Protein chains: 2
Amino acid sequence: MDILRELRESGLKVTIPRLRILQLFQEGTIKHLSADDVYKLLLAEKIDVGLATIYRVLMQFAEAGILFRRHFESGHAVFELNEGQHHDHLVCTGCGKVDEFVDEGIELRQNEIAAERGFVLHEHALSLYGTCAECTAKKIPPRRA
Amino acid sequence: MDILRELRESGLKVTIPRLRILQLFQEGTIKHLSADDVYKLLLAEKIDVGLATIYRVLMQFAEAGILFRRHFESGHAVFELNEGQHHDHLVCTGCGKVDEFVDEGIELRQNEIAAERGFVLHEHALSLYGTCAECTAKKIPPRRA
DNA sequence: CTGTATGCAAAATCTTTGCAGCCTG
DNA sequence: CAGGCTGCAAAGATTTTGCATACAG
C-alpha cells in the first residue's frame, strides 16, 4: 500500500489515526479539511481519537510535505493533499465550495515580480473569492468582508 | 479633516479610539497592523483603551470599507488601509516585511479564470511568500510551512 | 437626553502542550 | 523493550460577547 510507504518514508510510525487521516485525504471526497472536520469524520467512523492527535498528525504531515496547510479567509486552517502539481484556489463564499486551477501565465508573472524585488520565492497562495454559478442562481449574496 | 468625514459617512460616531486607530493607518508608518499591534501602539500613546474596542472598531472599519482585513499565513488577521487601488502582497518570511504590487496581467487572468468557471468574483488575495534581499544576505532560512 | 461606544471581564474558538500509559517496530 | 504516539485535560492565543457606565450628537 502506497500510504504505508509514504508514512514510513517520513519516519512516522504507522498508527490507526495516521492511516485513517491520510486515507480521508486520499479518498478525495472532500479535498479541503480542517482539523475539526477530520475529527468529526473519524468520530463518525467510531474511531476513538483526540483532537490534539489530529492537530499533531496534520502538522507532521504538513512538515513532511504530504499535506499543505492553507489559510483561506475563514480564520482557521484547512489541509489538503500535496499532489505534486501546484495549484491555486477559487473559493465560493456562498457554499464554501473550493475549485482549483493552474495558470502558467500567472505563475510566470509571480516569479518575475519576486525577482524584480530581490525576493527568493518559496511559496505563494492565490485565492479568488466569489459566488459560484449555483449560488448566483440561488441569489446567495456575497459574504461580507 | 478628511478622517472625520470618513467616519461620519460610515455612520460612526467620532471617538478617541476611532480617531487614533484610523490615524495610525493613515500615517502609514506601518501599513499592516494586527489588533494587538494597534492595542500596543495606543497603550504606548497613553490612551486608555480595551482590546475589545480595537477589535470592534477594526471590524466596523472593515465593514465600512475603510480598512481591509487580510489573513497571511500567520494565523491571525492584519488590517490595512483601503487606498482604492487594489494590490497584492509579497511577504518576507524572514523579517515579516510586506511589499505590495499590482500586475495588470495577473488581474486579467484572474477574471478570465473566474468567468470560465461561472464564478462572479468579488475579491481575491494573492500572497507571495519568500525571502527578501536583506534576509537572503543574512542567510535567514525560509520559515518552515 | 438617547442611543452609541467603551472598558472590563468572561466566554468562545482554534490550536498547542504536559503527562502517564499504550503500541509500533 | 524503547521511543514514539495517543488521549485527556489544561494552557495558550486570538477574537467575540455581555453588561453597566460614559460620551457624542
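Just the heavy atoms: all of them, side chains too, but no hydrogens, waters or symmetry mates, feed the values below. A, B, ... follow the sequence lines: proteins, then strands. Residue 1 opens every chain. This is a predicted model, so every value here is computed, not measured.
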- Query: Between B/Ala77 and B/Leu12, which is nearer to the 5' end of DNA chain D once each is assigned its nearest nucleotide?
  - Reply: B/Ala77
- Using heavy atoms to find the nearest nucleotide of DNA chain D for B/Gly75 and A/Ile54 separately, return the residue whose nucleotide is more 5′. A/Ile54
- Taking D/dA24, D/dC5, D/dT16 as options, the one with an atom nearest any side-chain atom of B/Arg69 is D/dT16
- Query: Where the side chain of B/Ala52 is concerned, which of C/dA5, D/dC8, D/dT17 is the nearest nucleotide?
  - Reply: D/dT17
- Query: Would you say A/Arg56 reaches D/dT6's phosphate, i.e. side-chain N/O to OP1/OP2 under 4.0 Å?
  - Reply: no
- Query: According to the interplanar angle, ranging from 0 to 90°, do the rings of A/Phe72 and A/Tyr129 count as parallel (below 30°), tilted (30 to 60°) or perpendicular (above 60°)?
  - Reply: perpendicular
- Item | Qualifying residue, where the test is ring-ring contact (aromatic ring centres under 6.0 Å, His included) with B/His32 and the options are B/His87, B/His89, B/His71 | B/His89
- Task: Would you indicate, yes or no, if C/dT6 has its OP1 or OP2 atom less than 4.0 angstrom from a side-chain nitrogen or oxygen of B/Thr15?
- Result: yes
- Message: Please check: side-chain N/O of A/Thr53 versus main-chain N/O of A/Val49, any donor-acceptor pairing under 3.5 Å?
- Response: no
- Ignoring the backbone of A/Val49, work out which of C/dG7, D/dT6, D/dG7 is nearest its side chain. D/dG7
- Query: Starting at the 5' end of DNA chain C, which residue's closest nucleotide do you reach first, A/Val14 or A/Ser34?
  - Reply: A/Ser34
- Tell me which nucleotide among C/dT6, C/dT15, D/dT16 gets nearest to the side chain of A/Leu51. C/dT15
- Task: Tell me which nucleotide among C/dT15, D/dT6, D/dT14 gets nearest to the side chain of B/Tyr55.
- Result: D/dT14
- Among D/dG25, D/dT6, C/dT15, which is the nearest nucleotide to the side chain of B/Lys13? D/dG25
- Task: Output yes when at least one side-chain N/O atom of A/Thr53 is less than 4.0 Å from OP1 or OP2 of D/dC5, else no.
- Result: no
- Task: Name the nucleic acid region contacted by A/Asp36, choosing base, sugar-phosphate or nothing; use a 4.0 angstrom heavy-atom cut-off, strictly under.
- Result: nothing
- Select one nucleotide: of D/dT6, C/dT6, C/dT24, the one nearest the side-chain heavy atoms of B/Pro17. C/dT6
- Item | Out of C/dT15, C/dT6, D/dT16, whichever nucleotide has its closest atom nearest the side chain of B/Val57 | C/dT6
- Query: Where the side chain of A/Gln60 is defined as all heavy atoms beyond and including C-beta, which of C/dT16, C/dG7, D/dC5 is the nearest nucleotide?
  - Reply: D/dC5
